[in-house]
Amino acid sequence: MTGPLVPFREVVLKVHSRCDLACDHCYVYEHADQSWRTRPKTISDGVIFRTAQRLAEHAKTHALPSVSVILHGGEPLLAGPARLRRICEELSSAFDGVAALDLRIHTNGLQLSPRYLDLFSEYDVKVGISLDGDRAANDRHRRFADGRSSHPLVLKAVELLRQEGYRHLNLGLLCTIDIENDPRAVLDALTELEPPHIDFLLPHATWDDPPPRPDGSPTAYADWLLAVHDRWQELGRPVPVRIFSSVLSTLNGGPSLTESLGLAPTDLVVVETDGSLEQVDSLKSAYEGAAATGFDVFTHAFDEVAAHPGVRARQLGLAGVSETCRRCPVVRSCGGGLYTHRYSSAGPDEGFDNPSVYCHDLAALVRGIEARTPADSVAPAVADRGELLAAQEDLTRTLLARLNGDLDGRGGERWAAAWELAAVLDGSEQGSGGLDHVLAHPYTRTWLLDALDALHEDRPGAASDAADGLPARLAAAVVRAGRDVWVPVPYSDGGLVLPTLGRVAVDGAGEHGTARVRAVEGGFLIGRDGGSGERRIEWPGPAVPGWLPVRGYALPGSGPGFVIDDLDPYRDCFAEPAAAALDASAAGRLAAALTGAWALIEERAPEYGARSAGGPLTLTPLTGLKPGEASVGRHGHGALGIGADDEAGTLALALVRGVRRAGFRALVDVTDLYAADGSWEHRMPWGEELVPFSRLLAGAYERLALAAFDPRYRDGVPQALDTLEGAAELTVGGKQLLTLMRKEF
């Protein structure tokens, strides 16, 4: 198997191999693998020491920031406080200065006492307790060997963890599902205990030993979990439930949050009481020796286990599931189910190359949670233009805040003064509108992204360049807000650009220094900092010697208008190069062609014209564009690159295409429309080529607008929509967009 080695970030350390309960659903004692009988009851000093050394070595080799060690059994508390202290001491010592150590223990709780919890407080060992619900539910399986109930003692342990002094150790409750139990009563019993998390676990089963289904329903476990989900919703989601959180995360394009679902590679290994290194413990449900690797902590490094074929098989993601699963649209969320639950000893698919024995349950669970999740609650920007523009503004502000944080004082006094002024403008009714306008300028985003890249790549002068970029934008904001405050702004080559306003000369060609800008009624004053005299510039106003404004144009009717920005130094962010600044004659011809183009769009497809952009458009002339093409680049929402010499009919097509591309790009910036892009290939109906999902979705979205302007573009759109609807990559937000696209068609 190829691919990089996946290091272990989670280790299950078996500290005691026996248990004080006789749970009849336990995979350790009741299932196929009975290797526990031949292993020491308690982990030895030698195994503890070698495990700690090997694991710290593994963390150092792979520069892991942290490693989780879960103390497990059997029942780990049977090892006793002294042995558990020795384990904590050895692990803490080995990891000192190497990586953070996240210690946890999973217990049935029967032996839990202040003596243990004081020890766990000392080493910050988090405690998870197994509890299957109310007394009736818990007693169905979790009893003593003589049949006595364990429920009262488990509740005592939970209550102990809820005490003020121990509450910080509470990891939550683990509940194994039994569909004979009342799902609502189970959830009520668990939530009454106010745990920080609840984990619902499917009982381990395989195709050889399938889970019980008393009524024969192929979705009985999904139905049970969805009943829990509905009750959870009724209660106001009082506590996080990991299986629901995981499905919601994957539906929205995020990662899985549990090993039992999703396509993330496993990064877990088990150390038995005798030092044997094994695969995930649940494999003991498949057959005798299924978890074995033949390795141990005395003679083998963790890297050797990570390279074991059985471990690698659980790290292949999509390539590691069966062909049936790869074709299923919910595979991103279910991930083919837990690896153990795929096992079969018979038939053509002997082994683990099968769907989960819970396949129908998992599909029904994912679809059920999706149906219960309002799309507009997770992707409001898809359906609401105002939400999209607000999200875009939030993104730019987030990048600005990140730049301030990454500079961490390296921007010097210039950045500090500019940052203080930005805060003053943002906090005042008079100044915030001007600042908002400048932050919404598409090329402000380009400046921020370039500045962040320069810092992260440690380019020479990156900090000072970043500090020089903010004052010009604040000066433009001050002018727009009419604020009577001087803003010092660095200039080069004799002049400076005030974004959204224009370019103004300050000095002779080739000169550089610092100018100062202040708003006055009807314009602004500009002069060299420390020099005598200032020049007044009318704004808004005409071009005069030394002042070239950004050209703005109104559109007939209710259109938002557009500007031709051939001045901003960050406009060269497209795949094609930006054209040089236009002279008055060329700018006039382009403006006339653009006005004619917008009129054509209003006539044929008004819903896809300038109004669909949600605000003014910034149009930048490019060189090398094909007729009828438009370009979107590395910038914020609202900018398009267009051909400088196209006539109105060609420009109209380019504008419809460009506005649509820009809208799609803006959505992708702030919303997860798809995930696992590139894992599958899809046929492009109008090109007959195989493309990733993102390209097919973007192409179909664009062609819907083009088809309104020119019906010839309708060809292939229905087939594309059908393909998209059945694809596994779609998120909840993506499905919401697809619904809107079908309405458009």
Side-chain angles (χ1 to χ4, degrees), residues 396-397 399-401 403-428 430-439 441 443-444 446-448 450-451 454-455 461-539 541 546-550 567-570:
T396 299
R397 287 177 173 271
L399 291 172
L400 182 59
L403 179 57
N404 181 60
D406 288 357
L407 278 169
D408 194 23
R410 289 180 290 163
E413 292 183 6
R414 176 169 286 162
W415 178 270
W419 186 255
E420 184 178 349
L421 176 58
V424 170
L425 291 175
D426 201 31
S428 70
Q430 184 184 3
S432 60
L435 184 61
D436 288 345
H437 194 103
V438 174
L439 290 178
H441 182 50
Y443 301 138
T444 295
T446 312
W447 161 66
L448 285 167
D450 285 359
L455 284 175
S464 60
D465 289 346
D468 287 348
L470 184 57
R473 287 158 182 82
L474 293 178
V478 162
V479 172
R480 286 187 167 277
R483 289 294 297 266
D484 183 13
V485 57
W486 285 108
V487 183
V489 186
Y491 67 86
S492 60
D493 196 22
L496 62 88
V497 172
L498 299 175
T500 75
L501 301 182
R503 188 182 192 279
V504 60
V506 182
D507 209 337
E511 297 295 325
H512 66 277
T514 301
R516 54 181 187 163
V517 177
R518 177 168 69 93
V520 294
E521 187 175 350
F524 60 93
L525 298 179
I526 185 163
R528 282 179 294 176
D529 198 25
S532 59
E534 290 88 25
R535 187 154 51 103
R536 178 187 174 92
I537 302 292
E538 289 186 23
W539 182 84
W547 166 244
L548 184 60
V550 172
L567 302 174
D568 195 291
Y570 285 92

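Every value quoted in this text rests on a predicted model; they were computed, and no experiment measured them. Hydrogens, waters and symmetry mates play no part in the numbers below; they use all other heavy atoms, side chains included.
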- prompt: Does D436 pair with R480 as a salt bridge, N-O distance under 4.0 Å?
  reply: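 Between R480 and D436 there is no salt bridge, as every charged N stays at least 4.0 Å from the carboxylate O atoms.
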Side-chain ([X]) to main-chain ([Y]) donor-acceptor, under 3.5 angstrom:
X	Y	answer
T514	P488	no
D493	A509	no
R516	E534	no

Could you check if a side-chain atom of [X] sits within less than 4.5 angstrom of a side-chain atom of [Y], using non-hydrogen atoms only?
X	Y	answer
L455	L403	yes
D568	T500	no
L400	W447	yes
W547	I526	no
R518	V478	no

Look up atom [atom1] in [X] and atom [atom2] in [Y], then write down how far apart they are to the nearest 0.5 Å.
X	Y	atom1	atom2	result
L399	T444	CG	OG1	11.0 Å
E521	R536	CD	CZ	7.5 Å
R535	F524	CZ	CZ	8.5 Å

Shortest non-hydrogen contact from [X] to [Y]?
X	Y	answer
G411	A467	O-CB, 3.4 Å
A472	P499	O-CD, 3.7 Å
S492	H512	CA-CB, 3.8 Å
A418	P471	CB-CG, 4.3 Å
L496	A515	CD2-CB, 3.8 Å

field: From I537, V489, L474, residue fulfilling side chain to side chain contact (heavy atoms under 4.5 Å, CB included) relative to V517
entry: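 Checked I537, V489, L474 against V517; only one passes side chain to side chain contact (heavy atoms under 4.5 Å, CB included): V489.
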- prompt: Side chains of Y570 and D450: is there a donor and an acceptor less than 3.5 Å apart?
  reply: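 Their side chains do not contain a donor-acceptor pair, so the 3.5 Å distance test is not met.
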query: Taking atom CD of E511 as the centre, does the number of heavy atoms from other residues, nucleotides or ligands within less than 6.0 Å exceed 12?
result: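 Yes.
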- request: Could you label the plane-to-plane angle of the H441 and Y443 rings as parallel, tilted or perpendicular, counting under 30° as parallel and over 60° as perpendicular?
  value: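 The rings of H441 and Y443 stand perpendicular, inter-plane angle above 60°.
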